[in-house]
K.L.:
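What follows is a single structure, and I will ask about it in a moment.
Everything numeric in this text was worked out from a predicted model, so none of it was measured.
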Amino acid sequence: MVRTTDSHGRRLAIAILVGVLCLLAAACLSACIHRLRAGLSLTGTALIFEAQPGAVAAVALGFPPRSGAAIVMLANLAPLPFLSTGLSELMARWPWARRKLQRARRWADRFKRWGPLIFVPLVPVIGAYTATWVGQSLGFRAERTFGAILIGMAWSVLVITYGGHWLTQFVGRF
């Protein structure tokens with residue numbers, strides 16, 4: 001019993017460490033472009049409201065598209081390891097939750113062909129946090145789900161930041 005508790009505690013500590021490192025990387029990137037206060041505001045927006053509203057905020061705050069997108073994605077990725085670890089812990093400790101998810105996993109067998117790739121177009125709509133929970137609940141491998149979430153988040157955030165930057169430049173000419 002001690003070993004499983006140690007293992008869960010270790011996984012939780014690693015998840016928190018990865019999240020903190022993502023937030024520190026976002027803050028360092030903000031400091032590198034001399035926009036630390038605005039970058040912290042942008043990080044908070046992406047943490048609370050997800051990546052797509054954060055990308056809109058990056059455009060509104062006047063961040064360069066690439067830097068704004070990177071800050072938003074790092075901030076939005078920060079809680080994902082913690083959420084994934086929390087759900088694993090829930091499944092390990094609460095048998096009733098496992099029984100409830102068996103029905104959902106049987107339904108999800110229809111999508112085994114595509115697996116977590118269904119999240120690439122869905123992440124901009126449902127968000128990375130929800131996609132993490134749904135993917136793990138349906139029994140998809142965490143690494144593949146994370147990769148699909150990252151791809152879905154990246155394309156949507158880049159479209160918003162570069163498109164918003166282009167639109168502000170275009171409208172600014174008139």
Side-chain angles (χ1 to χ4, degrees), residues 11-88 90 111 114-138 140-174:
R11 285 186 13 219
L12 183 62
I14 291 170
I16 291 171
L17 178 65
V18 169
V20 169
L21 289 175
C22 284
L23 293 175
L24 286 174
C28 286
L29 184 57
S30 300
C32 285
I33 60 172
H34 308 290
R35 309 266 328 257
L36 184 60
R37 283 188 186 168
L40 293 177
S41 175
L42 184 60
T43 299
T45 302
L47 272 172
I48 295 170
F49 296 112
E50 287 276 358
Q52 291 72 26
V56 172
V59 172
L61 290 170
F63 276 87
R66 190 176 10 187
S67 301
I71 292 168
V72 165
M73 285 191 282
L74 284 167
N76 196 238
L77 290 174
L80 294 185
F82 181 74
L83 290 173
S84 180
T85 304
L87 187 59
S88 296
L90 180 77
F111 302 105
W114 297 286
L117 289 177
I118 62 170
F119 293 122
V120 172
L122 288 179
V123 164
V125 178
I126 66 173
Y129 305 155
T130 305
T132 299
W133 281 87
V134 169
Q136 191 144 3
S137 298
L138 295 178
F140 296 142
R141 290 184 46 209
E143 300 84 20
R144 293 186 67 197
T145 302
F146 177 76
I149 289 170
L150 185 60
I151 292 168
M153 182 192 313
W155 77 260
S156 65
V157 167
L158 289 171
V159 165
I160 292 170
T161 54
Y162 277 97
H165 181 73
W166 176 83
L167 189 62
T168 57
Q169 297 294 320
F170 181 74
V171 171
R173 291 182 181 160
F174 296 108

K.L.:
Measuring from T43:OG1 to L29:CG, what's the distance to the nearest 0.5 Å?
P.N.:
9.0 Å
K.L.:
Where do F63 and I33 land on the side chain to side chain contact (heavy atoms under 4.5 Å, CB included) test, with the steps shown first?
P.N.:
CA-CA 9 Å; F63 276 87; I33 60 172; 3.5 Å; yes
K.L.:
Considering all heavy atoms of both residues, which atom of L87 and which atom of S137 are nearest to each other, and what is their separation?
P.N.:
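Between these two residues, the closest heavy atoms are CD2-OG, 3.5 Å.
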K.L.:
Taking all non-hydrogen atoms of both residues into account, name the closest pair between A27 and L36 and its distance.
P.N.:
O-CD1, 3.6 Å
K.L.:
At their closest point, which heavy atom of P81 faces which heavy atom of V18, and how far apart are they?
P.N.:
CG-CG1, 3.7 Å
K.L.:
So, for V157 and A51, which heavy atoms are closest and what is the spacing to 0.1 Å?
P.N.:
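Shortest heavy-atom contact: CG2-CB, 3.6 Å.
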K.L.:
Quick one: does W155's side chain have a donor or acceptor within less than 3.5 Å of a partner on P124's backbone?
P.N.:
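Such a contact is absent between W155 side chain and P124 backbone.
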K.L.:
For a 4.5 angstrom cut-off between non-hydrogen side-chain atoms, does L42 reach R35?
P.N.:
no
K.L.:
What's the separation between atom CZ in F146 and atom CD1 in I151, rounded to the nearest 0.5 Å?
P.N.:
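Here the interatomic distance stands at 10.5 Å.
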K.L.:
Would you compute the distance between atom CG of L61 and atom OG1 of T45 and round it to the nearest 0.5 angstrom?
P.N.:
7.0 Å
K.L.:
Kindly indicate whether the side chain of L47, heavy atoms from C-beta on, has any atom under 4.5 Å from the side chain of L23.
P.N.:
yes
K.L.:
To the nearest 0.5 Å, what is the distance between CG on N76 and CD1 on I71?
P.N.:
13.5 Å
K.L.:
Heavy atoms only: give me the nearest E50-A128 pair and the separation to one decimal.
P.N.:
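Closest pair (atom of E50, atom of A128, distance): OE1-N, 3.0 Å.
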K.L.:
Would you say that more than 12 heavy atoms from the other residues, nucleotides or ligands in this model lie under 6.0 Å from the CZ of F82, or not?
P.N.:
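No.
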K.L.:
Check whether any side-chain N or O of S88 sits under 3.5 Å from a backbone N or O of S84 as a donor-acceptor pair, and report yes or no.
P.N.:
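Checked: pair present.
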K.L.:
Ignoring hydrogens and geometry beyond distance, is a side-chain donor-acceptor pair present between T145 and Q136 at under 3.5 Å?
P.N.:
no
K.L.:
Determine whether I126 and F119 make a side-chain contact, defined as any pair of heavy atoms from C-beta on separated by less than 4.5 Å.
P.N.:
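Contact flag for I126/F119 side chains = yes.
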K.L.:
Using 0.5 Å steps for rounding, measure from the CG atom of L24 to the CG atom of L74.
P.N.:
10.5 Å
K.L.:
For A69 and L158, work out which heavy atoms get closest and say how close.
P.N.:
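Heavy-atom minimum between the residues: CB-CD2, 3.8 Å.
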K.L.:
Starting at OG of S30, measure out to CG of L40 and round the result to the nearest 0.5 Å.
P.N.:
6.0 Å
